[in-house]
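Chain letters run A, B, ... following the sequence lines, proteins first, then strands; residues in each count from 1. Excluded from the calculations below are hydrogen atoms, water molecules and symmetry mates; all remaining heavy atoms, backbone and side chain alike, are included.
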Amino acid sequence: MLNCSYKAKIISNKKVSRNFFILKLESPSGFKKPVPGQFINVRVNEGTLPFFRRPFSIYRADPFLEILYAIVGKGTEFLSHKKKGEILSILGPLGKGFSLPAKGIRQIVFIAGGVGLGPFLIYADKLKEIKANKVLLYGARAGDLIPPLEDFRKNGFKVCLSTEDGSKGKKGRVNVLFDNIDKEEKQSALYTCGPKPMMKAVKDFAVHYDLPAQGSFEEIMACGIGTCLGCAVQTVAGYQTVCEDGPVFNLSDIVF
Amino acid sequence: MNLQVKIKDAIFDNPVCVASGTWSYEEKYSDAKKIRKLGAIIPKTFTLNRQQGNPPPRVAETASGMINSIGIENEGADYFISDKLPQLKKLRVPIILSISGKTTDEFILLAEKLNSDGEIKGIEINLSCPNLGHKVLVAQDARLTEETVTAVRKVSRHILIAKLSPNVTDITEIAKSAETAGADAVSLVNTFNALAIDIKTRKSKIGNITGGLSGPAIKPAALYMVYKTRQAIRLPIIAMGGIADSADALEFIIAGANMVAVGTASFLNPEAPLEVLSGIEKYMKENKINNISALTGSLKTQ
């Protein structure tokens, strides 16, 4: 009864680092071309355990529909057991994605923490032909928790790393990498996804230097299509839904 | 095969509805052709004035179900009537509108606003609302239920369906009050009071601390209440509470429901409402039942 509901066949579901998996799905026929930042809501198991579908940012859309995930609970645990050839029920592409950088933007900065890398490879693919200084600032807890990042480099991104234990890149949280942002020229556009305190730090930085910044948000979600109003997030305009009004919001609109 | 259901003078092609607050009717998501096959749709409850809703998190998953505390977030009656309702009408499916008020006067004003509408099939009065000056919800008090339904009955030209809460000692007492007050049908059940706690943070998983449980977890309890209510009143019953497939729906019909509504199950399986409908048809064919009315309340007790 929904025209965003599809069955998708699993091409592969592989572990790519100590904690990350990449699930590749055959893009179902009729599935709309996603905008970077949009997501799919996946039924990770038959029956009623877990009860909710799980929302995942679309990590890549071409040639396969990919999501990047880590096992953080029951839902992702179930998902990690899914095998090649199995069929998943998905809803998508859902929500509002990132807005392309405005004309005159000379630096594009992705700022991601942990599984917050999720919406970015599709965006890097999209920005491939755009001539700008492109940077990915990525923070992880430890070096072996960093997913493969070659595809970002192939798309012309300079990759800067931070780890909390200092085992790779600069020691500390991702904000220790903010000095890679061209704050003086006011010609940088920031895009972020990750833990809320990290996104708050990006917001504060962006507000301070008057830079455009968007973030992709997450909340517990039941329907994924704006029906149940379960995934409310507080914005300057009142509550909005992550699933339909977001998941991408201008950081200046979010009340942290 | 006849699946038609009548509530007073309104005729529904089949008994399957989608419950309030559980379906998106927006063009970009919904397949209108398929929705048209349903008996009726019951869109999300709206109130007289805009309500911003409750603080997040508003939903939590539980064993075979979910808890929600949304707080009837909506843009208010005028916006609903001028902007949302015309879109819903384009679907060309019978519409039952769900309303809720903070006071009896609000219910009256809402009912009056809908009097000029000749297309809707009925009004569901969501009685699970606090009543100013009282500690209980309207739906938790037989007298308040009777007062509210009587007041709406007095002003409304539409078919009225009283939506009952399961959070009561005896739901049949409330159902009887609704019947006495002139309701044309009752719908039951709304969600069960519930709580889920995150033991790491020792906080509720719901921003508003408590919420309402829905989904397959509540089905047996809801079924019991429909069965009891069937014995207590003569009005048609629209049953909801954990219906996920046609077997669930048939249980409710056999227990005495005239119509059934699929709610939370749609989040997991968007095809659930139509699967319920086709499953009922298949069951009737296989069991050589020509008229759905022969099934309603056909529970064998010996």
Side-chain angles (χ1 to χ4, degrees), chain A residues 1-7 30 32 38 41-55 73-75 78 89-96 196 217-235 237-246 254-256, chain B residues 18 21-38 43-44 50-74 205-207 211 214-217 242 244 262-275:
Chain A
M1 284 170 67
L2 288 181
N3 53 24
C4 57
S5 174
Y6 297 92
K7 302 272 184 225
K32 289 199 190 83
Q38 283 192 301
N41 208 9
V42 182
R43 190 170 180 180
V44 295
N45 198 25
E46 290 298 311
T48 58
L49 183 70
F51 194 70
F52 289 159
R53 287 169 177 264
R54 291 293 188 270
K74 270 184 294 191
F78 274 114
S89 159
I90 64 170
L91 307 179
L94 303 176
K96 291 204 180 79
K196 269 203 181 144
F217 287 76
E218 188 175 48
E219 284 294 333
I220 306 271
M221 211 175 265
C223 73
I225 55 170
T227 304
C228 70
L229 308 181
C231 58
V233 63
Q234 179 87 61
T235 74
Y239 290 126
Q240 297 206 297
T241 58
V242 166
C243 72
E244 200 185 14
D245 301 318
I254 296 293
V255 179
F256 281 91
Chain B
V18 286
T22 58
W23 193 265
S24 168
Y25 303 101
E26 275 185 63
E27 236 171 295
K28 64 175 170 176
Y29 297 127
S30 269
D31 187 335
K33 258 191 242 150
K34 288 186 172 175
I35 289 176
R36 212 160 287 152
K37 294 180 183 172
L38 295 170
K44 185 175 171 63
R50 183 181 179 275
Q51 289 192 184
Q52 67 159 3
N54 290 337
R58 292 175 169 184
V59 292
E61 62 181 353
T62 56
S64 287
M66 63 178 281
I67 300 174
N68 85 79
S69 179
I70 309 294
I72 317 188
E73 178 183 327
N74 76 103
K205 290 182 179 176
I206 293 290
S214 64
V262 180
T264 302
S266 296
F267 298 153
L268 217 58
N269 174 17
E271 294 303 314
L274 284 186
E275 286 173 10

Review point. What residues form a side-chain hydrogen bond (donor to acceptor under 3.5 Å, both in side chains) with B:S30, not counting sequence neighbours?
Key: B:W23
**Study point:** Top contributor to chain A interface from B:A60, B:G207, B:A32, B:S69 [non-hydrogen pairs under 4.5 Å]
**Key:** B:A60
**Study point:** Atom pair SG (A:C4) and CG (B:D31), whose distance is rounded to the nearest 0.5 Å
**Key:** 10.5 Å
Practice item. Among the options A:K32, A:Q234, A:M1, pick out the one with the most heavy-atom pairs lying under 4.5 Å from chain B. Key: A:M1
Review point. More than 12 foreign heavy atoms under 6.0 Å from CD of B:E275: is that the case here?
Key: yes
Practice item. Please flag which part of B:I70 lies under 4.5 Å from any non-hydrogen atom of chain A: side chain, backbone, both or neither. Key: side chain
Review point. Among B:S266, B:G215, B:G65, who wins on heavy-atom pairs under 4.5 Å with chain A?
Key: B:G65
Check your understanding: Which atoms form the tightest heavy-atom contact between B:E73 and A:L229, and what is the distance?
Key -> O-CD1, 3.5 Å
Exercise for review: Step by step, work out the side chain to side chain contact (heavy atoms under 4.5 Å, CB included) result for A:E219 and B:R58.
Suggested key: CA-CA 9 Å; A:E219 284 294 333; B:R58 292 175 169 184; over 6 Å; no
Exercise for review: Could you grab the distance from atom OG of A:S89 to atom CG of B:L268, nearest 0.5 Å is fine?
Suggested key: 8.0 Å
Check your understanding: Which heavy atom of B:T62 sits nearest a heavy atom of A:F51, and at what distance?
Key -> O-CB, 3.9 Å
Practice item. Could you tell me which of B:T264, B:I35, B:N68, B:N54 has the largest number of non-hydrogen atom pairs under 4.5 Å with chain A? Key: B:N54
Point to revise | Full working for side chain to side chain contact (heavy atoms under 4.5 Å, CB included) between B:E271 and A:L2 | key: CA-CA 8 Å; B:E271 294 303 314; A:L2 288 181; 5.8 Å; no
Point to revise | 4.5 Å side-chain heavy-atom contact, B:V59 and A:F52 | key: yes
Check your understanding: If you count heavy-atom pairs under 4.5 Å with chain B, which of A:G238, A:C228, A:G226 comes out on top?
Key -> A:C228
Review point. Under a 4.5 Å cut-off applied to non-hydrogen side-chain atoms, are A:Y239 and B:P56 in contact?
Key: yes
Check your understanding: Think A:R43 forms a cation-pi with B:F267, using NZ or CZ under 6.0 Å from the six-ring centre and within 45 degrees of its axis?
Key -> no
**Study point:** Pair A:R53 + B:E61: basic N to acidic O under 4.0 Å
**Key:** no
Revision key, fill the gap. Bottom line for A:I220: the part with an atom under 4.5 Å from chain B's heavy atoms is both
**Study point:** Taking every non-hydrogen atom, the tightest pair across A:T227 and B:T22
**Key:** CG2-C, 3.3 Å
Exercise for review: With the side chain counted from C-beta on, respond yes when A:L91 and B:P270 share a heavy-atom pair under 4.5 Å apart, and no when they do not.
Suggested key: yes
